[in-house]
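Order of the sequence lines sets the chain letters (A, B, ...), proteins ahead of strands, with each chain counted from 1. Owing to the predicted nature of the structure, the values given are computational and were not obtained by experimental measurement.
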Amino acid sequence: MENEQVHRLLDRIAVLRDPCDLDLLLFFARHPRALLSSDQIAALLGYPVERLGDSLDVLVTADLLFLTEKPNCVARLYVFADRVVPDWLPSLVGLASTRAGRLAFRNALEDRRKGKPPSRGSPPDQIRHLKPA
Amino acid sequence: MPTRDVVKTGIFGLDAILSDGIPRGNVILLEGAVGTGKTTFGVEFVYHGASKFDEPGIIVLFEVSPDKLIRDAAGFGWDLPALERDGRLKIIFTTRQVFVQELQQADSLLLEEAAKMGARRLFVDGVAGLVDGSAPSGLRREPREEFHVLVEGLQRENLTALLALELTAEPSKVAVPEEAIADTVIRLRKEELKRASTRSLEIVKSRGHDFQMGRHSFRMISDRGIEVYRRVQAPRKASRERAAAFDPTTRVKTGVPGLDPIVNGGYFLGSTTVIAGISGVGKSVMACQYLAEGIRLGERSLMLTLDEQVPQVLRNAMSIGIDLQPAIDSGLVQVVYDPPQEIEVDEHFHKIEQIIEVFKPKRVVFDSLSTYASSFGTDGRMFRDFFHALVALMKEHQVAAVYNNENPEMLGMSSMMGPIRMSSLVDNIILMNWIELGNMFRLGLTVAKMRANPCDHMTHECEVVNGQGMHVLNRTIPPQLPFARYGSLLSRAPERSVRMGALDENADQGR
């Protein structure tokens with residue numbers, strides 16, 4: 001059932017394609033106003049800069065993330081969900097706040113990327129104890 | 001004279017110590033070791049600015065995650081997300097490297113954000129490492145110069161900036177170059193006292209205004225935030241210092257039958273009376289009678305007890321026929337208990353000040369001075385300063401204050417106040433002393449000192465009468481002889497007078 005919850009949520013969010021997208025979104029949920037360079041964010045999250053750049057584009061394109069930059073500044077000011085907080089965000093943050101929950105989302109995203117059909121039946125071990133937010 | 005433009009911190013008790021606030025635009029260095037409360041202090045500074053003083057603010061974080069900061073602030077009752085939604089607060093997560101670069105930019109993103117929202121306050125949580133020379137070697141500056149560049153960047157925007165600096169050693173033992181450049185330096189400490197731990201705050205320097213020096217205690221209290229208590233030794237208003245001249249006519253009755261005639265009708269307003277004696281002589285009984293007399297005369301009365309909790313005081317009073325509860329319910333009496341374990345002197349004195357100023361009692365009993373002495377110690381200055389401050393407070397408010405004091409000696413007294421050598425500060429001293437006569441202990445009461453009053457210095461017999469409290473007797477209780485028939489009553493071995501003894505025998509033979 002929890003696995004189904006994860007898939008339903010990913011269907012609603014729609015824009016998330018890669019585990020890095022998820023981790024970046026969770027990072028900005030915790031740090032909704034960050035003045036950082038993309039190198040620094042990549043280092044904090046443990047992804048290659050190129051991969052992180054793609055994920056930044058995903059969130060910006062989806063109007064979840066707004067950025068301000070200046071020619072002389074290495075860092076950009078990233079503002080997350082400044083205008084409207086998406087209604088799915090608390091559920092996502094709640095479910096992904098545990099190791100098992102985050103892994104469930106990551107596995108689901110990996111499966112989707114590889115074109116595997118979503119396993120909505122029996123939940124994998126790591127999300128058995130998941131509770132809705 | 002122009003009005004000073006000051007920034008109020010809004011932190012309970014602090015603005016009074018800062019002479020109303022900190023001059024606007026000052027760069028404030030808040031230094032202290034881990035766990036001293038720097039982050040809480042900084043967040044509260046910005047929170048009050050945005051919520052009370054219409055001064056939007058920015059909090060800059062390097063390591064602490066904003067969601068944790070918001071969670072912790074909620075524990076103090078500060079709703080940071082609400083301020084963010086209203087555009088009065090921005091919490092920005094960044095790195096030290098970016099922050100330094102930003103403040104050195106002519107068109108900094110950070111300062112542009114500050115300008116856009118009209119920010120007046122800035123809190124940077126953790127400036128240690130900003131000046132560690134991490135810049136490329138060609139651009140590296142001396143730490144002091146680096147910090148100066150940072151401060152210049154902040155001053156361009158006329159922000160009142162609070163910069164938290166984590167110290168790993170006592171500042172007197174290390175050079176802190178930032179201290180010389182900052183306009184205001186506030187040092188937070190966590191001090192160990194045996195197994196207890198207390199927090200203190202010291203204004204080390206502050207340009208452009210006066211402030212109260214020394215270490216002031218503070219606490220971090222759930223749902224309220226930081227509360228700073230001015231150190232008990234700090235000078236109060238001039239009226240308190242001048243309050244020694246009290247009303248020389250009004251007497252406050254003691255409530256103990258037989259005692260008022262001995263003390264010229266009662267204690268003066270604003271006077272300090274110590275009742276000294278070993279445990280069990282009836283000091284607390286007399287305290288209850290003092291309150292009861294206040295109730296009878298409609299005078300507001302306060303008992304501050306460290307030794308017994310309120311229900312116990314009420315029960316003891318009831319046993320001598322005094323029901324304090326109706327007077328407590330009607331607001332005529334307050335009985336306040338403060339546990340003496342690890343009592344914090346500044347906070348405790350602040351509490352007493354608040355009660356006296358709001359409740360305005362005419363009579364106050366402290367039970368007991370000896371418990372204060374054992375809590376604060378009598379060797380150092382703490383107890384002495386506290387007692388001085390207490391006496392000055394009572395005189396300012398013209399309170400007739402009675403302090404019970406346990407004198408450790410059971411028979412006889414070799415000093416009036418035991419280890420508390422402060423009898424010069426006290427106006428009246430009443431000694432309660434057990435006297436062994438024959439096979440009985442009998443209780444003697446001696447007025448040893450009554451400042452500006454005649455005093456007979458006689459030892460009077462007294463006793464606690466079942467259900468009625470203490471009574472001072474004008475004669476002996478049969479079958480014992482009156483005290484007048486003995487000599488050296490306050491010595492450890494009183495002797496029956498030979499002459500009087502002979503008279504007694506003659507009298508006995510004549511019967």
Side-chain angles (χ1 to χ4, degrees), chain A residues 22-47 49 52 56 59-60 64-99 101-102 133, chain B residues 46 56-73 80-117 119 122-126 129-130 134-136 139 153:
Chain A
L22 171 77
D23 284 341
L24 189 63
L25 190 142
L26 293 173
F27 172 80
F28 282 119
R30 287 194 305 273
H31 307 86
R33 205 174 289 270
L35 183 64
L36 296 167
S37 66
S38 49
D39 288 4
Q40 287 170 328
I41 300 174
L44 284 169
L45 297 186
Y47 286 96
V49 180
L52 187 102
L56 282 170
L59 298 189
V60 170
L64 291 170
L65 190 65
F66 303 89
L67 60 89
T68 316
E69 55 190 331
K70 293 213 165 194
N72 295 331
C73 299
V74 180
R76 293 160 162 179
L77 181 65
Y78 295 95
V79 180
F80 178 68
D82 192 30
R83 288 162 206 165
V84 183
V85 177
D87 58 356
W88 45 259
L89 187 64
S91 304
L92 176 72
V93 171
L95 285 169
S97 64
T98 62
R99 177 176 166 74
R102 179 169 160 268
Chain B
V46 173
I58 290 183
I59 296 173
V60 176
L61 302 173
F62 300 124
E63 286 104 2
V64 179
S65 173
D67 56 344
K68 285 185 186 153
L69 187 90
I70 288 168
R71 177 201 65 191
D72 296 348
L80 301 186
L83 291 176
E84 283 189 294
R85 284 193 296 274
D86 292 348
R88 287 183 285 164
L89 171 70
K90 284 183 179 172
I91 302 172
I92 296 178
F93 180 80
T94 186
T95 64
R96 290 185 170 80
Q97 190 189 5
V98 167
F99 182 71
V100 171
Q101 285 168 357
E102 275 291 312
L103 290 185
Q104 294 176 15
Q105 297 280 346
D107 56 348
S108 149
L109 273 171
L110 180 77
L111 296 180
E112 190 176 286
E113 279 294 298
K116 262 198 287 191
M117 69 181 296
L122 173 74
F123 168 52
V124 183
D125 192 16
L130 285 183
S134 57
L139 300 171

- Mark yes when over 12 heavy atoms from residues, nucleotides or ligands other than B/K116 sit less than 6.0 Å from its NZ; otherwise mark no.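 Atom NZ in B/K116 is packed in, count exceeds 12.
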- Query: Taking the inter-plane angle between the rings of A/H31 and B/F93 on a 0 to 90° scale, is it parallel (under 30°), tilted (30 to 60°) or perpendicular (over 60°)?
  - Reply: tilted
- Message: The test is side chain to side chain contact (heavy atoms under 4.5 Å, CB included); show your working for B/T95 and A/L36 and say whether it passes.
- Response: CA-CA 7 Å; B/T95 64; A/L36 296 167; 3.4 Å; yes
- Sort A/F28 into side chain, backbone, both or neither according to what part of it lies under 4.5 angstrom from a heavy atom of chain B.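 Neither part; nothing is under 4.5 Å.
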- Would you mind checking which part of B/I91 comes under 4.5 Å of any heavy atom in chain A, side chain (CB onward), backbone (N, CA, C, O), both or neither?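 Contact with chain A is through the backbone of B/I91 alone.
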- Query: Between A/R30, A/R76, A/Q40, which shows the greatest number of heavy-atom pairs under 4.5 Å with chain B?
  - Reply: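 Result: the option with the highest number of such pairs is A/R30.
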- B/V98 and A/A75: which non-hydrogen atoms are nearest, and at how many Å? CG1-CB, 3.4 Å
- Task: Name the member of B/E112, B/R85, B/Q101 that forms the most heavy-atom pairs with chain A at distances under 4.5 Å.
- Result: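 Answer, by heavy-atom pair count under 4.5 Å with chain A: B/E112.
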- Message: If we check side chain to side chain contact (heavy atoms under 4.5 Å, CB included) with B/E102, which of these qualifies: A/L35, A/L77, A/V74?
- Response: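 That would be A/L35; it is the only one of A/L35, A/L77, A/V74 passing the side chain to side chain contact (heavy atoms under 4.5 Å, CB included) with B/E102.
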